[in-house]
Each structure stands twice: as C-alpha cells, then as structure tokens.
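These notes are about the structure you will find just below.
Since this is a predicted model, take the numbers as computed values, not measurements. Whatever order the structure lists them in is the order used to number ligands and atoms, beginning at 1. Heavy-atom basis, side chains included; hydrogens, waters and symmetry copies ignored.
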Amino acid sequence: MTKINIQGLEWDKKSSFQQGPAKAPTLIRKALYSDSMNLYSENGISIENEGVTDKGDFKIDDYFDIEDITQNHLASGAKLLSFGGDHSVTFPIIKAFHQHYPKLDILHIDAHADLYHDYEGDPYSHACPFARIMEKGFAVNLVQVGIRTLNSHQAEQATKFGVEIHEMRNLDLTKIPKFDNPLYISLDMDGFDPAYAPGVSHHEPGGLSSRQVINLIQNIEATVVGADIVEYNPDRDVNDMTAYLAAKMTKELLAKMMIK
Ligand code: MN
Ligand code: MN
C-alpha cells in the first residue's frame, strides 16, 4: 500500500499583502473531519486507511525549518501532502523533495506565476518560490495553470526558465501535457475563482471552477509523489466555503497519490 504522510504548516510571514494562512491547517482538518462530508474521494477511495499517516501541524518560526520538517516526513520513502501556509512554503518543500526525486515535474495551479526574482526585496516572498525552484534546477518541467496576472517581468522569467504557462484567458485543459517524471502538484487556492474560494488574500476574478481543478487532477496519468494546498486565508473566508474546498482537494489529491 502506498505510504503517504500529511503535514500542516502554520506559516504566513512571507505573505506580501495579508497574513492568515498560518491558521489554515486547523480549519482544513476541521472541515475534513466534520460530519458534513465523508472521507471518500470521488473515485471511491477512503483517505482513512493504514497507508495515510497524519503527522499533525507544525508552527514554523524559521522559514528554513520547513525543509527539515519536510525532509523528516519524506525520509521513510513516503509521499507527502502539505497544507497551510502562504506559497513561500513550496520552495523549501521542493528543496527537500529534490533529495529524493532529482527529476521532478511540477504542476502549479494559481492565479499568479509566483516567478518574481524578488518581491519588495525579499527573494523568499510568496511571490517568488518558482523563481527559486527553477534557478536551482529543482524541477525538470514546470507547468502553470490558471494564471491571470502575468506582467512583463514574470513573462521574462517564465521564458528564461522555460516555464509552460496555461493562462486563464485562453485556457484549454486538454492541452495540459502528460508528465513523464514523478509529479508534484502545488495548489494555490487563489487559482480558483474567488466565487468558489473567497478565503484567499488575493481575490483575482476570472479563475478556475472547482470542477475544472478536480477534473484536471483526476485526469493526471503521472505518478504524483507530493502536493501542497496553500494560501487559504481563513480571515477572508465566507461560511467556511474555502475550508471545505481545501478539504475536498485534500481528499482528491490523496486519492490520486494512492492509486499510482
Ligand atoms: Mn501562489
Ligand atoms: Mn496566487
């Protein structure tokens, strides 16, 4: 049986606009285990099985501790799902994954490309993780979906790093490539339209529907070895809508990791 660990990351100090994602893990868990939904993914797999180990939530004080925590949870050869935190968490997570998966592809779902060389002077801002990942060579292929805020600097960065961007303005989900290498999925909750996920710091209308993202994940044929769900900001949520969507995506991502 596939072994998968879950880690919650309480961290939002690299948010540029509003903090809040440090509170996400507790509320995603609360939604996931509430009596409102069962623990089955749509393909009939229960995430409550002996392969899945929840390592709990980690309050992060030092950004670079995220790499060590992640390393601990990968050391047993398990796959890993992380939730909570702003998007800056993905760089130290991928740094740890690189030790285990020297050839890794990344599918990144987001309203933003997060490719800034630095943001307001900080190279580790939540606006920068994919610039750091690509300049270190931690991903063979980076494919971004849902982008709708591309400026000239980030377009140049994308060209420089060879990033494949599927922007919202001309999105065709049948054009998403098949991945050959082990795949990591990074899901920024603001990739969804704010109508589906109001609990994010950066409302960017014109985004993906819940159904589109679920189908995108369900249609992946590659082996998914890790994933994160980031940027859920409970302070901005409405009736826990975004918590429930993050919980739903937790189930779908875990189920995808379990079957292959
Ligand atoms: Mn992001
Ligand atoms: Mn974003």
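Distances from the Mn ion (ligand 2) show that Glu204 has no N/O/S atom below 2.8 Å. When distances to the Mn ion (ligand 2) are checked against a cut-off of 2.8 Å, His112 contributes an N, O or S atom below that limit. Counting backbone and side-chain atoms alike, Asp114 contributes no N/O/S atom closer than 2.8 Å to the Mn ion (ligand 2).
Among heteroatoms of the N, O or S kind in His87, ND1 lies nearest the Mn ion (ligand 1). Within Asp188, the N, O or S atom lying nearest to the Mn ion (ligand 1) carries the name OD2. The atom of Asp110 nearest to the Mn ion (ligand 1) is OD2, with the search restricted to N, O or S atoms.
Between Lys59 and Asp61 there is a salt bridge, with a side-chain nitrogen of the basic residue lying less than 4.0 Å from a carboxylate oxygen of the acidic one.
To the nearest 0.5 Å, atom CG of residue Leu9 and atom CD1 of residue Ile229 are 11.5 Å apart.
Residue Asp110 is tested with His87, Arg148, Gln144, His202 for a side-chain hydrogen bond (donor to acceptor under 3.5 Å, both in side chains); the sole match is His87.
Side-chain heavy atoms closer than 4.5 Å link hydrophobic residues (I, L, V, M, F, W, Y) into clusters, and following such links, possibly through other members, connects Ile109 to Phe179.
Between Tyr184 and Phe97, the angle of the ring planes goes over 60°, which puts this pair in the perpendicular group of the 30/60° scheme.
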